[in-house]
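Structure record follows, encoded as structure tokens.
First the proteins, then the strands, lettered A, B, ... as listed; each starts at 1. All heavy atoms count here, side chains included; hydrogens, waters and symmetry mates do not.
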Number of protein chains: 2
Amino acid sequence: MKYSTSKENYIKAIYHLEQEDPVVSTNALARQLATKPASVTDMLKKLNEQELIHYEPYKGVKLTDSGNKLALQIIRKHRLWEFFLVEKLGFGWEEVHEIAEELEHISSKKLIDRLDEFLGKPKTDPHGDPIPDAAGIVPKIEKRCLLDLPIGVSADLISVSNQSADMLDLLRHHQIEIGTRLKITNRFRFDHSLQITVQGGPPVTISEQLAAHLYVAWAKDETD
Amino acid sequence: MKYSTSKENYIKAIYHLEQEDPVVSTNALARQLATKPASVTDMLKKLNEQELIHYEPYKGVKLTDSGNKLALQIIRKHRLWEFFLVEKLGFGWEEVHEIAEELEHISSKKLIDRLDEFLGKPKTDPHGDPIPDAAGIVPKIEKRCLLDLPIGVSADLISVSNQSADMLDLLRHHQIEIGTRLKITNRFRFDHSLQITVQGGPPVTISEQLAAHLYVAWAKDETD
DNA sequence: ATTTTTTTTTAGATTCGCCTAAAATTTATC
DNA sequence: GATAAATTTTAGGCGAATCTAAAAAAAAAT
């Protein structure tokens, strides 16, 4: 089934608001979508008829199972496109949201699955939010310091707790950026250094001082 | 200025029909856009008011300068996305048109210029059609047999005059596909072989027999 | 040069997503 | 528990883009 851009935006907004409060109000939706409550009511009636939401007048709204599934598809697209924009086209984290708002409505499922593949099936977007997989499953992310990463487990870099020029310089030197896949292959207690692989490349050595500022995420049950 | 998807589609359709006949009829447009002549008339009035077209009732339509410029921007986007889909995501030539019809309406100019850069500023799309540059200039393409390419001139592979499995196998081996940038670095008359570079990589040798089936395009005044 | 045919435009209606203003309902307050 | 305040819905309208049916204009045929 294909839905209008407007309907997709409603579904996405309801999904996000449900995280705060399981029952979403007309007013909250109007605020989120920068529209008027009367317009929201109109749309809720349509979404209800299409069984994307459970809606009863004056009683707020919830996503149905199919509404939830749709929301996750849209969020998947949004976050994969954001990853693409930052990782492949060199956009800054701040400027990608607006563009991804447009790209998330491109309909082809095959496109998004191939993009996912092309990007290396990333688990999180550049802001550190998890990317649902093709089946709509949201990976459970453990965002922790790189120092806490068990040896042999792959993880994606989510955030850096030091944005100084020196730090960025160092990261560039190691070819590490947000989204880069890291794996610890060895730990050396003598000089507080770590041996890691970057994007599956050859092992390199970094200091624990650097690693202490790198926050990574990995799938709960990932064993590779 | 930002225009609706529908308006952009009209402008693009008028541009393409102008290539056949400098004055475009209402009926021709209706056919092209799979809509009704009455709908076309309505839209032409609006486009005329926005000065994207010259339109007088019963007298057909032409693009204005700004209409032409807009058409070229849309076509640029369409062809760059097609290139991306084939080259980076591995889509077949046939399946990309429909997806690019959606992607061409994404508005960000910065996005498309970065994409252009990321793709290596290709001169033609996977079908061999020229890609207008950021200024709207359409490169003049000389599509000729690779054997006719002067030594030292870079050219993009446009089409292959033999689609057999053996040929595709050979191309895959040499990592050559549609859009790949080729340059002849040497010719050996003794065994009818050519030394070429593929995407700026190290020189490799191919047979004239293979080269005879490869059709390439290069910018008229390109000297690199 | 009429008449016929084709093309194009006008007129009036429909759907979608939004609006404002007013009415209905729920929630909060005294 | 009655009343005031906030929320939500209904009613009626608007612009964009489309449609059908009918009228007007241009082109083709006799």
Please confirm whether the backbone N or O of [Y] pairs with a side-chain atom of [X], one donor and one acceptor, at under 3.5 Å?
| X | Y | answer |
| --- | --- | --- |
| A:Arg144 | A:Tyr215 | no |
| B:Thr64 | B:Leu52 | yes |
| A:Thr35 | A:Arg31 | no |

_Residue pair A:Glu51 / A:Ser66: nearest heavy atoms and the distance that separates them_ =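 So the minimum-distance heavy-atom pair works out to O-OG, 3.2 Å.
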
Side-chain N or O of [X] less than 4.0 angstrom from OP1 or OP2 on [N]?
| X | N | answer |
| --- | --- | --- |
| A:Tyr3 | C:dC16 | no |
| A:Lys45 | D:dT10 | yes |
| B:Thr41 | C:dT9 | yes |
| B:Tyr55 | C:dT9 | yes |

List the atom pairs, donor and acceptor, that lie under 3.5 Å between side-chain atoms in residues 13-21 of chain B and the rest of the protein, sequence neighbours left out.
{"unit_1": "B:Glu18", "atom_1": "OE2", "unit_2": "B:Leu63", "atom_2": "N", "d": "2.7"}
{"unit_1": "B:Gln19", "atom_1": "NE2", "unit_2": "B:Tyr15", "atom_2": "O", "d": "3.2"}
{"unit_1": "B:Asp21", "atom_1": "OD1", "unit_2": "B:Val23", "atom_2": "N", "d": "3.0"}

Are any protein N/O atoms closer than 3.5 Å to N/O atoms in nucleotides 23-29 of chain D? If there are, list each pair with its distance.
{"unit_1": "D:dA25", "atom_1": "O4'", "unit_2": "B:Tyr58", "atom_2": "OH", "d": "3.4"}

Could you list the protein-to-nucleotides 12-17 of chain D atom pairs, N/O on both sides, closer than 3.5 Å?
{"unit_1": "D:dA17", "atom_1": "OP1", "unit_2": "B:Ser4", "atom_2": "OG", "d": "2.5"}

Atom [atom1] of [X] and atom [atom2] of [N]: how far apart are they, to the nearest Å?
| X | N | atom1 | atom2 | result |
| --- | --- | --- | --- | --- |
| A:Leu44 | C:dC16 | CG | P | 16 Å |
| A:Lys36 | C:dC16 | NZ | P | 23 Å |
| B:Asn9 | D:dT18 | CG | C1' | 14 Å |

*Which residue, B:Ile176, B:Thr180, B:Asp166, forms the side chain to side chain contact (heavy atoms under 4.5 Å, CB included) with B:Leu171?*
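It is B:Ile176; the other options fail the test.
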
*Among side-chain atoms of A:His78 and A:Asp125, is any donor-acceptor pair under 3.5 angstrom?*
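A:Asp125 and A:His78 do not have a side-chain donor-acceptor pair below 3.5 Å.
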
*Between residues 19-31 of chain B and DNA chain D, which residues have a heavy-atom gap below 4.0 Å?*
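Close to the strand, none.
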
_Taking ring pair (Phe, Tyr, Trp, His ring centres under 6.0 Å) as the definition, give me every residue that meets it alongside B:Phe84, ordered by chain and number, with sequence neighbours left out._
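Listed in chain order: A:Phe84, B:Trp81.
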
*Between A:Ala34 and B:Val40, name the one whose nearest nucleotide on DNA chain C is closer to the 5' end.*
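Nearest nucleotide further toward 5': that of B:Val40.
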
*Using a strict cut-off of less than 4.0 Å between a Lys/Arg side-chain nitrogen and an Asp/Glu carboxylate oxygen, indicate whether A:Asp156 and A:Lys123 qualify as a salt bridge.*
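A:Lys123 and A:Asp156: not salt-bridged.
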
*Think A:Lys88 forms a cation-pi with A:Phe83, using NZ or CZ under 6.0 Å from the six-ring centre and within 45 degrees of its axis?*
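The answer is no, since A:Lys88 fails at least one limit relative to A:Phe83.
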
_Nearest listed nucleotide, side chain of B:Thr35, among C:dT9, C:dC18, D:dT18_ =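 Output: D:dT18.
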
*Can you run down the salt bridge (charged side-chain N to carboxylate O under 4.0 Å, His left out) pairs that involve residues 104-119 of chain A, sequence neighbours left out, and say none if there aren't any?*
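Pairs touching residues 104-119 of chain A that pass the test: A:Lys12-A:Glu104, A:Arg76-A:Asp113, A:Arg76-A:Asp116, A:Lys109-A:Asp113, A:Lys110-B:Glu95, A:Asp116-A:Lys121, A:Glu117-A:Lys121.
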
